[in-house]
Amino acid sequence: MRFDIITVLPGLLESPFAHSILQRAQKKGIAEIHVHNLRDYTTNKQKSVDDYPYGGGGGMVMGVEPFANCIQQLKSEREYDEIIFMSPDGETLNQQIANNLSLKRSILILCGHYKGIDQRIRDTFVTREISVGDYVLSGGELPAAVLVDAVVRLIPGVLSDETSALSDSFQDGLLDAPLYTRPAEWNGQAVPPVLLSGNAGEIEKWRHEQALERTKQRRPDLLS
């Protein structure tokens, strides 16, 4: 699976993709992640990518031409299943969206900055807009890293335990049950006996009950 990311701050994305699961996925050849510097597609000497908004108001707006130049160049080289703009007014990222995107072959992600990007880019090229929450960040780079991480870990062969991602929170509409590991007793607190019983059926029943109770307490909206 291939990700292309357009950003004005490529250095901000170096670390998230150079460690842990995302690094292993790339080394295995399961995922490709390519970051493109938007300034390389400007036509002015200053390499500026923003300008004042028409109609006035605070902040700067990222212009049409650099994004259009970069997107058209990339689209001439391959087809994209989705062109995603990371935006606070997009649909909120959830596990179902991540599951859906993990089935794609090629995704292009646009990272905004400053006040935002010219609406004409959104109207012309973007197929989907995704938010990571109801708050505003300085740019789309960190949300893009979150999206790629959420998607890549679902691709078969990325995780060493193929069933791990299937038991994550939200996969079945519930939060995950409490988790324990050795030692069996610490500071007077013991692991629930059922987890030490070896009875797979009882363990699965306990985990489902705990997941349901935790979801009722913390995220009752998921049950509706």
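What's counted below: heavy atoms across the whole structure, side chains too, no hydrogens, waters or symmetry copies. Residue indices begin at 1 and follow the sequence shown.
When all heavy atoms of A177 and Q210 are compared, the closest pair comes out as CB-CB, 4.0 Å. In plain terms, the two heavy atoms of G139 and P143 that are nearest each other are O-CD, 3.5 Å. Nearest heavy atom pair, residue T92 against residue I97, reads O-CD1, 3.4 Å. Heavy-atom minimum distance, A98 versus L93: N-CD1, 4.5 Å. Nearest heavy atoms, I109 versus A144: CG2-CB, 3.9 Å. Nearest heavy-atom pair across T42 and R39 is OG1-O, 2.9 Å.
Going from atom CG of N94 over to atom CD1 of I130 covers 9.0 Å, rounded to the nearest 0.5 Å. Between atom CD1 of residue I30 and atom CG of residue L22 there is a gap of 11.5 Å, rounded to the nearest 0.5 Å. Atom OG of S15 and atom CD of Q23 lie 10.5 Å apart (nearest 0.5 Å).
Side-chain atoms of P178 and R214, non-hydrogen and from C-beta on, do get closer than 4.5 Å to each other. Side-chain contact check for V132 versus L142: every heavy-atom pair is 4.5 Å or farther apart. Annotation: side chain of L175 is in contact with side chain of R218 (closest heavy-atom distance under 4.5 Å).
The salt bridge (Lys or Arg N to Asp or Glu O under 4.0 Å) test applied to R24 returns no partner, not counting sequence neighbours. In this structure D118 satisfies the salt bridge (Lys or Arg N to Asp or Glu O under 4.0 Å) test together with R120, sequence neighbours excluded. Partners of Q73 under the side-chain hydrogen bond (donor to acceptor under 3.5 Å, both in side chains) rule, at least two apart in sequence or in another chain, are E77. Under the rule for a salt bridge (Lys or Arg N to Asp or Glu O under 4.0 Å), the partners of E32 that lie at least two apart in sequence or sit in another chain are R2. Considering only residues two or more places apart in sequence or on other chains, E213 meets the side-chain hydrogen bond (donor to acceptor under 3.5 Å, both in side chains) condition with Q217. Evaluation of the side-chain hydrogen bond (donor to acceptor under 3.5 Å, both in side chains) rule for N44 yields S48 as partners, not counting sequence neighbours. The salt bridge (Lys or Arg N to Asp or Glu O under 4.0 Å) check on E204 picks up nothing, with sequence neighbours excluded. Under the side-chain hydrogen bond (donor to acceptor under 3.5 Å, both in side chains) criterion, S106 pairs with no residue, sequence neighbours left out.
Connectivity analysis of hydrophobic side chains (ILVMFWY, heavy atoms under 4.5 Å, direct or indirect) links L38 to I6, V8, L9, L12, V49, Y52, M60, M62, V64, F67, I71, L74, Y80, I83, F85, L108, L110, Y114, I117, I121, F125, V126. Connectivity analysis of hydrophobic side chains (ILVMFWY, heavy atoms under 4.5 Å, direct or indirect) links L195 to Y180, V191, V194, L196, I203, W206.
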Give the intermediate values and the outcome of side chain to side chain contact (heavy atoms under 4.5 Å, CB included) for residues Q72 and S76. CA-CA 6 Å; Q72 288 168 345; S76 72; over 6 Å; no
Before giving the answer on side chain to side chain contact (heavy atoms under 4.5 Å, CB included), spell out for L101 and L147 the whole-Å C-alpha distance, their side-chain angles and the decisive distance to 0.1 Å. CA-CA 9 Å; L101 292 177; L147 177 64; 3.8 Å; yes
Take I107 and D4 through the test side chain to side chain contact (heavy atoms under 4.5 Å, CB included) and record every step on the way to the result. CA-CA 6 Å; I107 294 175; D4 286 280; over 6 Å; no
Run the numbers on L212 and L223 for side chain to side chain contact (heavy atoms under 4.5 Å, CB included), then give the verdict. CA-CA 9 Å; L212 183 60; L223 299 175; 3.9 Å; yes
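Here salt bridge (Lys or Arg N to Asp or Glu O under 4.0 Å) pairs that include residues 49-65, with residues two or more places apart or in two chains, number zero. For the side-chain hydrogen bond (donor to acceptor under 3.5 Å, both in side chains) condition, the pairs that include at least one residue of residues 129-148, sequence neighbours left out, are T7-E141, R122-E129.
Listed for the T215 side chain is no donor-acceptor partner under 3.5 Å among the backbone atoms of L174. With hydrogens and angles ignored, the 3.5 Å screen pairs no side-chain donor or acceptor of N187 with any backbone N or O of Q189. With hydrogens and angles disregarded, a donor-acceptor distance shorter than 3.5 Å links the side chain of Q26 to the backbone of F17.
For K47, the NZ atom counts as densely surrounded, since its 6.0 Å shell holds more than 12 non-hydrogen atoms of other residues, nucleotides or ligands. Atom NZ of K28 sits in a crowded spot, with more than 12 heavy atoms from other residues, nucleotides or ligands closer than 6.0 Å. Other residues, nucleotides and ligands place more than 12 heavy atoms under 6.0 Å from the NE2 atom of H34.
Using a cutoff of 4.0 Å between basic side-chain nitrogens and carboxylate oxygens, E79 and R105 are not scored as salt-bridged.
Grouping the Ile, Leu, Val, Met, Phe, Trp and Tyr side chains by contacts below 4.5 angstrom, directly or via other members, places V61 apart from L137. Linking ILVMFWY side-chain heavy atoms closer than 4.5 Å, directly or via other members, places F3 and L103 in two distinct hydrophobic clusters.
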